[in-house]
Amino acid sequence: MQQKVRFQIEGMTCQACASRIEKVLNKKDFVESAGVNFASEEAQVTFDDSKTSVADIAKIIEKTGYGAKEKTEDALPQPEEAAHVSWRLWLLLAINIPFLIGMAGMMIGRHDWMIPPVWQFVLASVVQLWLAVPFYKSAWASIKGGLANMDVLVTIGTVSIYLYSVYMLFFSPHAAHGMAHVYFEVGVMVIGFVSLGKFLEHRTKKSSLNSLGLLLKLTPTQVNVQRDGEWKQLPIDQVQIGDLIRANHGERIAADGIIESGSGWADESHLTGESNPEEKKAGGKVLAGALMTEGSVVYRATQLGSQTLLGDMMNALSEAQGSKAPIARVADKAAAVFVPAVVGIALLTFIATWLVKGDWMVALMHAVAVLVIACPCALGLATPAAIMVGMGKAVKHGIWFKDAAAMEEAAHVDAVVLDKTGTLTEGKPQVAAVYCVPDSGFDEDALYRIAAAVEQNAAHPLARAIVSAAQARGLEIPAAQNAQTVVGAGIAAEVEGVGLVKAGKAEFAELTLPKFSDGVWDIASIVAVSVDNKPIGAFALADALKADTAEAIGRLKKHGIDVYIMSGDNQGTVEYVAKQLGIAHAFGNMSPRDKAAEVQKLKTAGKTVAMVGDGINDAPALAAANVSFAMKGGADVAEHTASATLMQHSVNQLADALLVSQATLKNIKQNLFFAFFYNILGIPLAALGFLNPVIAGAAMAASSVSVLSNALRLKRVNIE
């Protein structure tokens, strides 16, 4: 049986490390797929659990030289510890200071600012023989694993310069006369710059890229819980399901629950993306993380921790951010051959420069500059960094993407297929007119009673409207047995004392409607009713458009996205709604199979199609689309099938999802361009001697931070 597991990986230094772990895992016959995200430092592995175990896979990762800790969904993701400057980095930076002063002096002709060669040797030895040991360990582990990482380049370059300088200081013919040319500052400053760059990169990945830290802060650490008839302040981890909890004005809700008493307003924008507070009163629901902006409520906890909607979102976000987008394959392929290629270029640079210049020291400096300027980290971070920020931005707008591939595909969408009921409209239709078949023996009240008896077994908004209307009339609704749903047509059941009752489309109930003078029948949704296959009447149900639907359609069209309505409702109703919204493509009377077939036609015509729906009947079309969106709270099968979930029942949120995806893909392309351009430009400049190793080291350290900084710009991108 296939099982999926996620690991937090420790010890990776660049994309080559991630590629090495992937390569080792994917060679195993019991592993179906393995992906490692360098930015989130996470591995996702799908494997055959009849042949191996999670612990065995962790051991395989550890044998490659990295730590692996399983991530489970039983608990909320843990907050990352703040990145602090280590004593090793502080000492390294302190040793760099005299060398920085000396180099600054040399630039203005004050060579006496540089400390004596012997002291240079002492400080460089501290760095090279002690502080640089983590680089050596990482490089050796990488070489043993069969894939060289960035630390291999740094190690080869700095050790070469250090050994050369030691030789020149103590063993060369010039040493006795104090004329030896030493370059201890190069190794010290390269190690310093690269270490600082790694720290800044690590801090950015942990604190800025990931939105989980902000979500974790939404759960209070202390709550007011009623125990033994008294209110007590308790830590959140001591709260149990069934506890009564009080939340006052300005406090956050600690768990999903049902309000027992009190009232107020709560801001649930962290989940829905909707900034307007929701009114809360007895019997209503509250969601973990919501902020009480007014009033005070006492609620009973029904879900805690990872079982809450907030916990579910955090785990979904964590998994999605750890997945890999298809576009990342470009960087992965480059990273796989990057280090060996750079070493080869450095060797050629050394030979060519020595032959041309006749000075092997100049040749060595050029070769080291090539080794140090090259940076596979920028390539490795280009895609996942943008994905992590983009996913976080999407969540803030109430959009949950299942994985990075879905977000990338959404960026290419140029056609959107929308269901009508509950998507474009409120999904709360009301009975606008009633028709009873003459001489059928059933009056209006009887029609309501038996239709409601059957429809109370259905979840469709039209069914709920008929049941609510019957209850509002004070009618007694009889029991119904053996209810069976015919997808896309209606529902049938045995009603006591009546017979087999069908409710649904006109043809399902075998009803032919007469021509009505009341125009509502031309635009309304029709629910026909029959008894023992004889039609007895019908309901016309009208459903108002959502307030923001017209605005959302306008946004989609503004960005060149074609909009289609595909509904099981009658053609007249669908065309009427389409005309109101300015939609040119409207299809009515469509079965689930029809919707899926039409989506396939659009794809065949070259369109990248997004489908939006919330019902069981939408599932085939959702599966057929390139990328699909389900409304939260709709049918489970729709949410399971869809590529992403919209927390609001709003097409505006769909527009947000597509525009966030477009902005994210654009950012990825910018990052990849910068990473490739940096190396394509930097390596030749270093080979030709235009960059010394110290400048090359600083540039290499800055390249990763630049990619991360560009990814962070996504947080400020306007998606209107």
Side-chain angles (χ1 to χ4, degrees), residues 258-259 263 278-285 420-438 440-481 483 485 489-506 508-509 511 513-514 516-531 535-547 567-570 573 576-577 614-615 631 633-635 649:
I258 304 296
I259 298 174
S263 63
E278 292 273 341
E279 185 178 9
K280 300 296 178 182
K281 51 189 177 182
K285 293 182 179 180
K420 179 181 73 69
T421 305
T423 302
L424 296 172
T425 63
E426 291 287 354
K428 298 177 181 178
Q430 295 180 338
V431 176
V434 180
Y435 166 69
C436 294
V437 174
S440 66
F442 294 89
D443 60 15
E444 201 168 288
D445 280 352
L447 183 62
Y448 268 109
R449 289 178 65 254
I450 63 174
V454 176
E455 295 285 29
Q456 65 186 349
N457 295 285
H460 196 279
L462 298 180
R464 291 196 294 267
I466 293 173
V467 174
S468 296
Q471 292 172 337
R473 284 174 168 245
L475 300 175
E476 183 179 346
I477 300 175
Q481 288 84 32
T485 298
I491 186 170
E494 294 285 345
V495 177
E496 186 177 351
V498 179
L500 176 65
V501 178
K502 293 181 178 179
K505 290 186 175 181
F508 180 64
L511 171 65
L513 286 169
F516 294 101
S517 58
D518 188 348
V520 70
W521 289 91
D522 295 325
I523 62 169
S525 298
I526 308 300
V527 175
V529 183
S530 68
V531 173
I536 64 170
F539 299 90
L541 295 103
D543 190 7
L545 290 173
K546 292 179 179 177
S567 174
D569 216 335
N570 69 74
T573 302
Y576 176 78
V577 171
D614 63 351
M631 305 290 191
H649 287 226

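- Within the 4.5 Å cutoff, side-chain heavy atoms of Leu447 are placed close to those of Phe539.
- Applying the side-chain hydrogen bond (donor to acceptor under 3.5 Å, both in side chains) test to pairs two or more places apart or on separate chains, those with a residue in residues 465-476 are Glu444-Arg473, Asp445-Arg473.
- Leu511 places none of its side-chain heavy atoms less than 4.5 Å from the side chain of Ile526.
- Counting heavy atoms of neighbouring residues, nucleotides and ligands inside a 6.0 Å radius, atom CD of Gln481 exceeds 12 of them.
- Annotation: the span from Lys285 atom NZ to Ile259 atom CD1 amounts to 11.5 Å, rounded to 0.5 Å.
- The main-chain N or O of Val527 is never found under 3.5 Å from a side-chain atom of Lys505 such that the two would form a donor-acceptor pair.
- Side-chain contact between Thr425 and Lys420 is present, with at least one heavy-atom pair separated by less than 4.5 Å.
- With a 6.0 Å radius and a threshold of 12 heavy atoms from other residues, nucleotides or ligands, Gln430 has its CD atom at or below the threshold.
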- Task: I would like to know whether Val431 and Tyr448 meet side-chain contact (heavy atoms from CB on, under 4.5 Å); could you show each step before the answer?
- Result: CA-CA 11 Å; Val431 176; Tyr448 268 109; 3.3 Å; yes

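- Between Pro478 and Ala453 the shortest heavy-atom distance is O-CB, 3.4 Å.
- Of all heavy-atom pairs between Ala452 and Val467, the closest is O-CG2, 3.8 Å.
- Smallest separation of non-hydrogen atoms from Ala480 and Ala493: CB-CB, 4.0 Å.
- A search for side chain to side chain contact (heavy atoms under 4.5 Å, CB included) contacts involving Ala542 returns Ala432, not counting sequence neighbours.
- Val454 and Ile491 get closest at one heavy-atom pair: CG1-CG2, 3.4 Å.
- For Arg449 against Ile477, the heavy-atom pair with the smallest separation is O-CG2, 4.1 Å.
- The heavy-atom pair separating Ala538 from Leu513 by the smallest distance is CB-CD2, 4.0 Å.
- Ring geometry for Tyr435 against Trp521 counts as perpendicular: the plane angle is over 60°, on a 0 to 90° scale with 30° as the lower cut.
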